[in-house]
Chemist: 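The structure's right below; bear with me while I get my questions together.
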Amino acid sequence: MSKVEILREMEYAVTHIRERVLDEKARGHKVIGCLPILIPEELVHASGAFPVGIWGAERLPIVRAAEYYPPYACSVVQSITELAIAGAYDGLDGVLISCLCDTLKCVTQSFPLTCPSVKPIFVKHPQNHRLEGAVTYFIRELEGVRAQLETLTGRQITEEALCQSIEIYNENRKEMIAFARLLAEKPGLLTCRERHTVIKARYFMRKEEHTRLMRELNGMLCASTAPSFEGIKVYVSGVMLEPSHILDVMDELGYTIVGDELAHESRQFNHLVPEALSQLERLARQVQTYEGEAFLYDPRKTRGERVARAAKEAGADAVLFALMKFCDTDEYDLPWVRCAAQEADLPFLHLELEQTMQSAEPLRTRLQAFAEQLTHTC
């Protein structure tokens, strides 16, 4: 396949989610939705079901979801609820819902009401995740998730099946890590929009299929000559960089993304599942590998240092913090990330956005002014 064909197939997965779900259902597979964040998809895969990402929708007017949340609730959760009320998830057999922030905890109560035909399964992570006791706790929680998935799918999740699924996911993570590294080494090979599509397609494709395409794409990118890029290389922090017309604006203004720690993107694949005595323990110990994770206990607030260090390693000219409006976890971390970037002599821009915003023009003004400032400084 050519690069254009690979990107087109990934774009199809991102823009035709319903068709992919119906195709899996037609093949006799259960389909399980996975809400943000850190959902153990390997358990879903090992059950024979198809995991599909649920991260809301772009530019969706919020009407009925306002009955369940105050206006200052995160737009991602509000759009998920709006879609649930509209019946968008009725074709799913179940959903996995984490409880990693106050708004997601509300979803555990609202989803059964707004989408009663779909079985909710709650994934309760340990907040103080570096403790050894947290592993014991999370193994018990994962045992409950596994049992509910087995009942839902009618298929036992064996150690062998789970081990195989973990290896399939780890292979995908390795390809994605290599992909991100290639775009840092050769800025400008893909547009911001194309990079986003490649990563987002993971949510709506079988991981085996996505890994196959990624191997081909990485091979092409590795063999490609680095373009003469004269624009602005940014490292992006935050929850997500959507609605995606923001990416089009960045492309127009000469930005390229050389790395990120977005919850919607790289934080999904930067941590491999480690070895352990059992497969559930492997999944439980993966959470221990996270450092500076906004949704987990981080008393030293190391996220800022990690962002600044990663931005420097990626060769970024600046740090862009995509602040999801009303996201408490990111609002708490914003000052730490800003200070760390400034101490590392990295220009810093924070954009407040909502997934449901209809226009990127207000953000265009800030991105353009920031680009002009950097150009003038250089």
Chemist: List the atom of Ala276, the atom of Arg285, and the distance in Å for their closest heavy-atom pair.
Modeler: CB-CD, 4.3 Å

Chemist: Without swapping roles, check the side chain of Ser237 against the backbone of Phe321 for a donor-acceptor pair under 3.5 Å.
Modeler: no

Chemist: Of all the heavy-atom pairs spanning Ala340 and Gly304, show the shortest one and how long it is.
Modeler: CB-O, 3.2 Å

Chemist: Can you find a side-chain donor-acceptor pair between Ser266 and Glu261 that sits under 3.5 Å?
Modeler: no

Chemist: Which heavy atom in His245 sits nearest to a heavy atom in Ser359, and how many Å separate them?
Modeler: NE2-C, 3.6 Å

Chemist: Assess the residue pair Phe370 and Leu253 against the criterion (side-chain contact (heavy atoms from CB on, under 4.5 Å)); give the C-alpha distance rounded to whole Å, side-chain angles, the decisive distance to 0.1 Å, and a yes or no.
Modeler: CA-CA 10 Å; Phe370 189 62; Leu253 296 176; over 6 Å; no

Chemist: Would the distance check show the side chain of Gln358 and the main-chain N or O of Thr356 forming a donor-acceptor pair, the cut-off being under 3.5 Å?
Modeler: yes

Chemist: We want to know whether Thr114 and Tyr68 form a side-chain donor-acceptor pair, criterion being a heavy-atom distance below 3.5 angstrom.
Modeler: no

Chemist: What I want to check is whether the side chains of Glu175 and His210 have a donor and an acceptor closer together than 3.5 Å.
Modeler: no

Chemist: Look at the side-chain heavy atoms of Ile, Leu, Val, Met, Phe, Trp and Tyr, link any pair under 4.5 Å apart, and say whether Ile6 and Met176 land in one connected group.
Modeler: yes

Chemist: For Ser244, does its backbone N or O pair with a side-chain atom of Glu242 as donor and acceptor, under 3.5 Å?
Modeler: no

Chemist: If two hydrophobic side chains count as joined below 4.5 Å and joins carry through other members, does Val198 share a cluster with Ile246?
Modeler: no

Chemist: Are Leu35 and Val107 close enough that some pair of their side-chain heavy atoms sits under 4.5 Å apart?
Modeler: yes

Chemist: Side chains of Ile80 and Pro36, heavy atoms from C-beta outward: is any pair under 4.5 Å?
Modeler: yes

Chemist: Can the ring centres of His129 and Tyr290 be said to be less than 6.0 Å apart?
Modeler: no

Chemist: Looking at Arg202 and Glu41, is there a salt bridge between them, counting it only when a charged N and a carboxylate O are closer than 4.0 Å?
Modeler: no

Chemist: Scan side-chain atoms only and decide if Gln286 and His271 contain a donor-acceptor pair under the 3.5 Å cut-off.
Modeler: no

Chemist: How about Glu331 and Leu323: do any of their side-chain heavy atoms sit closer than 4.5 Å?
Modeler: yes

Chemist: Please confirm whether Phe138 and His125 have ring centers closer than 6.0 angstrom.
Modeler: yes

Chemist: Look only at the side chain of Glu24 and the backbone of Lys30, and say whether a donor-acceptor pair between them is shorter than 3.5 Å.
Modeler: no

Chemist: Is there a donor-acceptor pair closer than 3.5 Å between any side-chain N or O of Lys186 and the backbone N or O of Cys222?
Modeler: yes

Chemist: Strictly below 4.0 Å, N to O, side chains only: are Glu275 and Arg282 in salt-bridge contact?
Modeler: yes

Chemist: Charged N to carboxylate O under 4.0 angstrom, Glu216 versus Arg212?
Modeler: yes

Chemist: Just so I know, are the side chains of Leu183 and Leu221 near enough to count as touching, which here means a heavy-atom distance under 4.5 Å?
Modeler: yes

Chemist: Taking everything shown except Tyr297 itself, do over 12 heavy atoms lie less than 6.0 Å from its OH?
Modeler: no

Chemist: So, the side chain of Ser98 versus the backbone of Ile37: is there a donor-acceptor pair under 3.5 Å, distance only?
Modeler: yes

Chemist: Under the side-chain hydrogen bond (donor to acceptor under 3.5 Å, both in side chains) test against Ser165, which residue among Glu42, Lys207, His45 passes?
Modeler: His45

Chemist: Take Glu194 and Lys3, measure what salt bridge (Lys or Arg N to Asp or Glu O under 4.0 Å) needs, and give me the verdict at the end.
Modeler: CA-CA 11 Å; Glu194 289 170 339; Lys3 184 176 79 171; 5.5 Å; no

Chemist: So, are Glu143 and Arg140 salt-bridged, with charged N and O less than 4.0 Å apart?
Modeler: no

Chemist: With a 3.5 Å distance limit and no angle check, can you tell me whether Tyr203 reaches the backbone of His264 through a side-chain donor-acceptor pair?
Modeler: yes

Chemist: According to a hydrophobic-cluster definition based on side-chain heavy atoms being under 4.5 Å apart (Ile, Leu, Val, Met, Phe, Trp, Tyr only), do Leu262 and Trp336 belong together?
Modeler: no

Chemist: Quick check for you: to the nearest 0.5 Å, what is the distance between Tyr235 atom OH and Asp317 atom CG?
Modeler: 15.0 Å

Chemist: As an exercise, state the distance from OG1 of Thr136 to CD of Glu281, rounded to the nearest 0.5 Å.
Modeler: 8.0 Å

Chemist: Are any of the side-chain nitrogens in Arg195 or Asp251 under 4.0 Å away from the carboxylate oxygens of its partner?
Modeler: no

Chemist: Step by step, work out the side-chain contact (heavy atoms from CB on, under 4.5 Å) result for Leu367 and Leu351.
Modeler: CA-CA 9 Å; Leu367 285 164; Leu351 297 177; 3.8 Å; yes

Chemist: Contact between Gln279 and Leu283 at the side-chain level, heavy atoms closer than 4.5 Å - yes or no?
Modeler: no

Chemist: Can you confirm whether more than 12 heavy atoms, excluding those of Glu58, are under 6.0 Å from its CD atom?
Modeler: yes

Chemist: Salt bridge check: are Arg300 and Glu291 linked by an N-O gap of less than 4.0 Å?
Modeler: no

Chemist: Any donor and acceptor pair, going by atom type alone, linking the side chain of Arg306 with main-chain N or O of Gly292 inside 3.5 Å?
Modeler: no

Chemist: Measure the shortest side-chain to side-chain distance between Leu142 and Arg146 over non-hydrogen atoms and say whether it is less than 4.5 angstrom.
Modeler: no

Chemist: Test side-chain contact (heavy atoms from CB on, under 4.5 Å) on Ile17 and Val52 and set out the steps.
Modeler: CA-CA 9 Å; Ile17 303 167; Val52 60; 4.0 Å; yes

Chemist: Would Glu11 and Arg8 count as a salt bridge (Lys or Arg N to Asp or Glu O under 4.0 Å) if you check the C-alpha gap in whole Å, the side-chain angles of each, and the deciding distance to 0.1 Å?
Modeler: CA-CA 5 Å; Glu11 178 69 22; Arg8 187 182 298 125; over 6 Å; no

Chemist: Would you kindly confirm whether Met10 and Ile257 end up in one hydrophobic cluster when ILVMFWY residues are joined by side chain heavy atoms under 4.5 Å apart?
Modeler: no

Chemist: State plainly whether the residues Arg215 and Glu171 are in salt-bridge range, i.e. N to O under 4.0 Å.
Modeler: yes

Chemist: For Met250, run the side-chain contact (heavy atoms from CB on, under 4.5 Å) check against Thr256, Leu320, Thr191 and tell me which one passes.
Modeler: Leu320

Chemist: Would you check if the side chain of Asp330 reaches a backbone N or O of Met324 as a donor-acceptor pair within less than 3.5 Å?
Modeler: no

Chemist: Determine whether Pro51 and Ile32 make a side-chain contact, defined as any pair of heavy atoms from C-beta on separated by less than 4.5 Å.
Modeler: no

Chemist: Indicate yes or no: does Lys119 engage Asp93 in a salt bridge with an N to O separation below 4.0 Å.
Modeler: no

Chemist: Can you give me the closest heavy-atom contact between Asp90 and Ser117, atom names plus distance?
Modeler: OD1-OG, 3.6 Å

Chemist: For Glu230, look at atom CD and say whether over 12 heavy atoms of other residues, nucleotides or ligands are found less than 6.0 Å away.
Modeler: no

Chemist: Between the main-chain N or O of Ala147 and the side-chain N or O of Thr151, is there a donor-acceptor pair closer than 3.5 Å?
Modeler: yes

Chemist: Are side-chain heavy atoms of Thr197 and Leu7 found at a separation under 4.5 Å?
Modeler: no

Chemist: If you look at every heavy atom in Ala311 and Leu346, which pair is closest and at what distance?
Modeler: CB-CD1, 3.7 Å

Chemist: Are Ile177 and Tyr169 linked, directly or through intermediate hydrophobic residues, by side-chain heavy-atom contacts shorter than 4.5 Å (ILVMFWY only)?
Modeler: no

Chemist: Is there a side chain to side chain donor-acceptor pair (under 3.5 Å) between Gln355 and Ser79 once you walk through the steps?
Modeler: CA-CA 8 Å; Gln355 193 184 29; Ser79 63; 3.1 Å; yes

Chemist: What are the two closest heavy atoms between Ala184 and Val258, and how far apart are they?
Modeler: CB-O, 3.3 Å

Chemist: Checking Leu213 against Met205 for the side-chain contact (heavy atoms from CB on, under 4.5 Å) test, could you report, in this order, the C-alpha distance in whole Å, the side-chain angles of both residues, the deciding distance, and whether it holds?
Modeler: CA-CA 11 Å; Leu213 294 177; Met205 301 176 75; 3.4 Å; yes

